[in-house]
Amino acid sequence: MATHHALVLNSTSQPLSLETHPIPTATPGSIVVKVLGSSVLPYLSSVLDGTLPYALTTPLVPGSSCIGRVHAVGADAVSLKEGQLVFCDITVRARDEPDRAILMGLHGGAAMRLMEGEWRDGTFAEYAKFPMENCFVLDEEVLFGKMGLGMEDLCTISNFLVPFGGLTEIRIAPGDTVIVAPATGKFGGGAVTTALAMGASVVACGRNEKTLTAMAEIFAHTGRLTTLILAGDVLTDTAAMVSASGNGGKGVDAFIDFSPASANSSRHISAALGALKIGGRAAFMGGIPGNIEIPYGLMMMKSLRIQGKFMYSRETIVRFIKMIEKGNLRLGETNTGWKTVGRFGLEGIEEAMKMAAEESGWGRQVVFIP
């Protein structure tokens with residue numbers, strides 16, 4: 001039996017263990033890929049040591065969405081073939097109840113039975129098994145040939161796909177104005193890129209002036225990005241957001257939030273909600289584990305729509321890949337500001353997670369290449 005190497009979490013009190021396992025078998029409804037690369041999440045070490053209370057079943061192979069090469073397909077495959085380049089998504093949905101999903105190798109979500117069984121293991125291995133519907137063929141001729149992209153550029157896809165799920169959910173359209181706050185992290189910064197690619201104008205808010213300045217330079221050619229340093233006062237920041245939107249004082253169309261776990265006491269959420277116009281929309285996609293305050297009266301009087309959004313649908317991924325391949329959203333450092341600052345293999349995973357945590361802001365990724 002052919003074998004491969006995989007990183008295994010046996011306990012949250014132990015480091016990852018490099019082990020030899022049989023290469024997974026492509027059963028009906030599944031696909032096995034050779035993992036080419038994936039981006040290391042900045043907060044991954046906090047998940048694996050239990051600091052972030054993600055629902056996990058051990059032992060498991062952790063990981064994130066990846067770029068892979070098809071190694072084997074189940075007998076019921078009709079279009080996926082060996083050798084194809086694919087984007088593999090770890091958002092696994094229950095086939096008998098698609099509203100319940102997990103993040104394979106990362107979070108048991110609302111369907112722990114999936115993580116306890118068939119879809120426990122993620123991508124920190126030489127080979128990984130996915131549900132067939134979670135793998136999306138990429139046009140190599142266009143991406144590698146015509147556009148001149150590399151595999152590491154493709155590893156940034158999730159940075160933009162996650163916010164695309166929220167932006168489409170609140171129906172962002174060309175001509176809309178969107179507040180992104182905070183905009184200087186991995187997914188907040190990705191939301192800026194994605195909203196601009198969707199034809200919206202963006203007010204990017206944060207406290208890191210250096211990052212916001214660099215972002216403004218990258219996207220200056222669009223003429224649709226305004227950056228704003230948050231003052232930390234709700235009324236002051238609300239007024240600044242409304243002014244920056246350029247909508248004649250009527251307010252902003254939408255707000256997407258990517259607050260980290262440490263931001264539960266931040267005032268930017270109240271400020272951004274206050275800057276929304278009548279009928280404005282907001283999507284919460286951050287990682288705050290506790291409660292936040294919502295201005296109830298304001299929400300009612302302005303008929304605001306506020307909702308959470310977990311990841312995205314399969315149809316959203318198909319649309320997003322089309323945006324990339326058609327050039328609506330152009331990947332690569334010169335187009336997005338994202339560059340790879342570290343590359344690590346199986347034996348360097350601890351250093352990779354440490355660097356990813358240190359380089360957690362916009363424009364910097366650490367890549368795992370088994």
Side-chain angles (χ1 to χ4, degrees), residues 6-9 16 24 26 29-48 52 54-71 80 85-95 98-138 151 154-166 186-187 190 285 287 309-318 320-321 349 352-353 356 365-370:
L7 291 163
V8 180
L9 179 72
L16 291 172
S30 72
I31 179 175
V32 175
V33 301
K34 180 174 177 57
V35 178
L36 301 182
S38 62
S39 182
V40 180
L41 295 169
Y43 52 84
L44 182 60
S45 61
S46 296
V47 173
L48 301 187
L52 283 178
Y54 281 24
L56 298 173
T57 297
T58 56
L60 89 162
V61 176
S64 55
S65 296
C66 75
I67 304 301
R69 181 81 60 186
V70 178
H71 171 72
L80 289 166
L85 185 73
V86 286
F87 170 74
C88 304
D89 175 43
I90 63 170
T91 310
V92 177
R93 299 187 178 277
R95 286 167 173 162
D99 288 339
R100 299 175 65 183
I102 69 169
L103 298 179
M104 192 174 79
L106 187 66
H107 198 318
M112 277 302 294
R113 185 173 178 181
L114 294 177
M115 177 164 276
E116 292 168 352
E118 186 72 9
W119 305 115
R120 175 183 307 200
D121 292 334
T123 59
F124 279 10
E126 294 178 304
Y127 292 86
K129 181 179 180 179
F130 280 87
M132 198 176 294
E133 62 269 25
N134 282 56
C135 297
F136 303 83
V137 177
L138 300 174
M151 188 276 296
L154 301 185
C155 286
T156 65
I157 285 177
S158 291
N159 300 339
F160 314 115
L161 174 59
V162 172
F164 186 61
K186 181 182 179 72
F187 294 118
M285 298 191 75
K309 178 61 178 176
F310 177 70
M311 304 303 280
Y312 36 73
S313 67
R314 188 179 193 281
E315 293 72 22
T316 301
I317 303 174
V318 173
F320 187 71
I321 290 175
I349 192 60
M353 291 192 293
Q365 76 165 351
V366 174
V367 174
F368 168 72
I369 304 174

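Just so it is clear, the model here is predicted, and its values are computed rather than measured. Residue indices begin at 1 and follow the sequence shown.
Nearest heavy atom pair, residue L60 against residue P62, reads O-CD, 3.5 Å. In terms of heavy atoms, Q365 sits closest to S39 at OE1-OG, 3.4 Å. Scanning both residues, W119 and I102, for their nearest heavy atoms gives O-CD1, 3.7 Å. Across all non-hydrogen atoms, the minimal contact from L36 to L85 is CD1-CD1, 3.7 Å. Scanning both residues, K34 and H71, for their nearest heavy atoms gives N-CB, 4.1 Å. A pairwise comparison of heavy atoms in R120 and M115 identifies CB-O, 2.9 Å as the closest pair.
The shortest distance between side-chain heavy atoms of D89 and Y312 falls below 4.5 Å. In this structure, I67 and F87 have side chains that are in contact, with non-hydrogen atoms separated by less than 4.5 Å. Put simply, the side chain of L41 does not reach to within 4.5 Å of the side chain of V47, judged on heavy atoms. The shortest distance between side-chain heavy atoms of S45 and L48 does not fall below 4.5 Å. No side-chain heavy atom of V367 sits less than 4.5 Å from a side-chain heavy atom of V40. When side chains are defined from C-beta on, K186 does not count as touching V162, because their heavy atoms never get closer than 4.5 Å.
Between atom CE of residue M353 and atom OG of residue S46 there is a gap of 9.5 Å, rounded to the nearest 0.5 Å. With rounding to the nearest 0.5 Å, the separation of CE in M151 from CG in L138 is 12.5 Å. Within the model, atoms OG1 of T91 and NE2 of H107 stand 12.0 Å from one another, a figure rounded to the nearest 0.5 Å. Distance CG/L161 to OG1/T156: 11.0 Å, rounded to 0.5 Å. The distance from atom CG of L44 to atom CG of L9, rounded to the nearest 0.5 Å, is 9.5 Å. A distance of 11.5 Å separates CG in L103 from CG in L114, rounded to the nearest 0.5 Å.
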Steps toward side-chain contact (heavy atoms from CB on, under 4.5 Å) verdict (F160, F320): CA-CA 9 Å; F160 314 115; F320 187 71; 3.3 Å; yes

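Remark: R113 CZ is loosely packed, at most 12 non-hydrogen atoms of other residues, nucleotides or ligands lying under 6.0 Å away.
Legend: residues meeting salt bridge (charged side-chain N to carboxylate O under 4.0 Å, His left out) with K129, ordered by chain and number and at least two apart, are E118.
Annotation: F124 is in aromatic contact with F368 [ring centroid separation under 6.0 Å].
Under a 3.5 Å cut-off, the side chain of N134 and the backbone N or O of I90 do not form any donor-acceptor pair. The closest donor-acceptor contact from the side chain of R93 to the backbone of R100 lies at 3.5 Å or more, if one exists at all.
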